[in-house]
Protein chains: 2
Amino acid sequence: MRIGEVADRAGVSTRALRYYEEQGLIAADRTGSGQRTYPESAVERVQLIQRFFTAGLPSRTVRQLLPCVDTGHGSPEAFAMMAAERDRITAAMADLAAARDALDRLIDIAHHPTPEHCPALREPAWAPYDAAVTGA
Amino acid sequence: MRIGEVADRAGVSTRALRYYEEQGLIAADRTGSGQRTYPESAVERVQLIQRFFTAGLPSRTVRQLLPCVDTGHGSPEAFAMMAAERDRITAAMADLAAARDALDRLIDIAHHPTPEHCPALREPAWAPYDAAVTGA
DNA sequence: CTTGCCCTTGACGTCAACGTCAGGTTCTAG
DNA sequence: CTAGAACCTGACGTTGACGTCAAGGGCAAG
């Protein structure tokens, strides 16, 4: 498969694929004339990379991760990193949930025919998170 | 309150506060000599802004959102935007969950004393998402 | 008055994952 | 053989939320 087909099937641009190669995330064979050639598995690999990028992992981290995908085992540092990223993702999900709750509250408040300028806005319904947890 | 105290209490830099003002997210009174003065409520407001930023909302969107926080009601466009952002956040949470699952699987696979180079890696356990849903 | 910390504006730097353009080569269909 | 698609490398542009440095003004303590 050449780069265009991989791009189409994986839903990314060819520029992205060349960037991935530049970052050491995918390898490509070359034809005699220098054109890249990918195996079928490249499509899935690209989609996995995309999934990690979407989750906020930087390319440097993904680069350390992918060998584990290939070999099926990882160094202790790799484990630590994976665990750390897992925790980071979990925390990010909590942050998203908090923001969505704030939005929901805002939608709810603004949607109700507010009687006398809604006192609920005075309650720090979105603020006490850090104050309560951090306890600073 | 002057800018430094707000920054400390909200857990952001003074640069960030000036940036927020520049983007029309917070207003500040000025003393005769030009120094910014904030009310107590600024701390909560900044924390709310941070929460939205963390959730991936751009400053432009937050700027459209905050008047609804202040007035307690919003235009139909504001409603549409809030709903859209809510959906985007929900989708982002799903993406995070998918990436975390992939990581968990990777951790699980790599942690087990893999017998013969783990065939589970050959199952496209992380890929079929788009393929199955998009149906392309 | 001076030391020193906090404040001001202005402007350039950063980082990541690409987008985009330029200028040239290669493959493919007719 | 020739047009045109697809590919190549190289390099600069983009975006957002700030960081950081420069050069100066303001203000309470001693």
Side-chain angles (χ1 to χ4, degrees), chain A residues 1-39 42-43 45-66 85 88-89 92 95-96 99, chain B residues 1-39 42-43 45-66 85 88-89 92 95-96 99:
Chain A
M1 262 199 320
R2 291 191 301 174
I3 196 171
E5 191 178 349
V6 177
D8 283 349
R9 298 216 288 181
V12 303
S13 67
T14 60
R15 177 67 177 90
L17 292 181
R18 297 197 189 97
Y19 174 72
Y20 296 166
E21 183 174 348
E22 189 181 313
Q23 299 299 310
L25 307 182
I26 42 173
D29 285 341
R30 299 298 185 113
T31 68
S33 63
Q35 298 205 350
R36 292 174 178 81
T37 300
Y38 299 88
V43 175
R45 190 182 183 85
V46 170
Q47 286 171 339
L48 178 62
I49 292 172
Q50 277 280 323
R51 186 152 306 179
F52 284 142
F53 277 171
T54 301
L57 279 77
S59 62
R60 178 173 33 84
T61 302
V62 177
R63 179 173 50 216
Q64 298 175 295
L65 221 51
L66 289 178
E85 284 303 328
R88 208 187 48 74
I89 291 176
D95 285 342
L96 284 180
Chain B
M1 261 200 319
R2 292 191 301 175
I3 195 172
E5 191 178 347
V6 178
D8 283 349
R9 299 215 290 180
V12 302
S13 66
T14 60
R15 177 67 178 90
L17 293 181
R18 297 198 189 95
Y19 174 72
Y20 296 166
E21 183 174 348
E22 189 181 312
Q23 298 300 309
L25 307 182
I26 42 173
D29 285 341
R30 299 298 183 113
T31 68
S33 62
Q35 299 204 348
R36 292 175 179 81
T37 300
Y38 298 88
V43 175
R45 192 184 184 85
V46 169
Q47 285 172 340
L48 178 61
I49 293 173
Q50 277 281 323
R51 186 153 305 180
F52 284 142
F53 278 170
T54 301
L57 279 76
S59 62
R60 177 173 35 83
T61 303
V62 177
R63 180 173 49 217
Q64 298 175 295
L65 221 52
L66 289 178
E85 286 302 328
R88 208 186 49 73
I89 290 176
D95 285 342
L96 285 181

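Chain A is the first sequence line, chain B the second, and so forth, proteins listed ahead of strands; every chain is numbered from 1.
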Worksheet item: Reckon Ser59(B) touches a base, only the sugar-phosphate, or nothing at all at heavy-atom distances under 4.0 Å?
Response: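 Here Ser59(B) touches the backbone only, sparing every base.
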Worksheet item: Using a cut-off of 4.0 Å on non-hydrogen atoms, how would the nucleic acid contact of Leu57(B) be classed: base, sugar-phosphate, or nothing?
Response: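 Here Leu57(B) touches the backbone only, sparing every base.
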For [X] and [Y], work out which heavy atoms get closest and say how close.
| X | Y | value |
| --- | --- | --- |
| Val6(B) | Ala42(B) | CG1-CB, 4.4 Å |
| Leu17(B) | Ala7(B) | CD1-N, 3.7 Å |
| Pro58(A) | Phe53(A) | C-CE2, 4.1 Å |

Is the phosphate of [N] approached by [X] (side-chain N or O, under 4.0 Å from OP1 or OP2)?
| X | N | result |
| --- | --- | --- |
| Arg36(B) | dC7(C) | no |
| Tyr20(A) | dA17(C) | no |
| Tyr19(A) | dA17(C) | yes |
| Ser33(B) | dT8(C) | no |
| Ser13(A) | dG19(C) | yes |

Item to complete: Return yes if some donor-acceptor pair links the side-chain N/O of Arg63(B) with the main-chain N/O of Gln23(B) below 3.5 Å, else return no.
Response: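 Checked: pair present.
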Discussion item. Quick check on DNA chain C: between Glu5(B) and Arg60(A), whose nearest nucleotide comes earlier from the 5' end?
Written reply: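 The answer here is Glu5(B).
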Discussion item. Let's test your reading of the model: under 3.5 Å, does the base of dT8(C) pair with the side chain of Arg18(B) as donor and acceptor?
Written reply: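 There is none.
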Worksheet item: Can you check the Arg15(B) CZ to dT8(C) C1' distance for me, whole Å?
Response: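 Result: 13 Å.
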Discussion item. I want to check something: taking the side chain as every heavy atom from C-beta on, are Leu57(A) and Ile89(A) in contact at a cut-off of under 4.5 Å?
Written reply: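 Yes, side chains in contact.
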Worksheet item: So which one's nearest nucleotide on DNA chain D is more toward 5', Gln23(B) or Gly4(A)?
Response: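 Its nucleotide being nearer the 5' end, the pick is Gly4(A).
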Practice prompt. Using chain B heavy atoms and a threshold of under 4.0 Å, write down where along DNA chain D the contacts begin and end, 5' to 3'.
Written response: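 Boundary nucleotides touching chain B, in 5' to 3' order, are dA17(D) to dC27(D).
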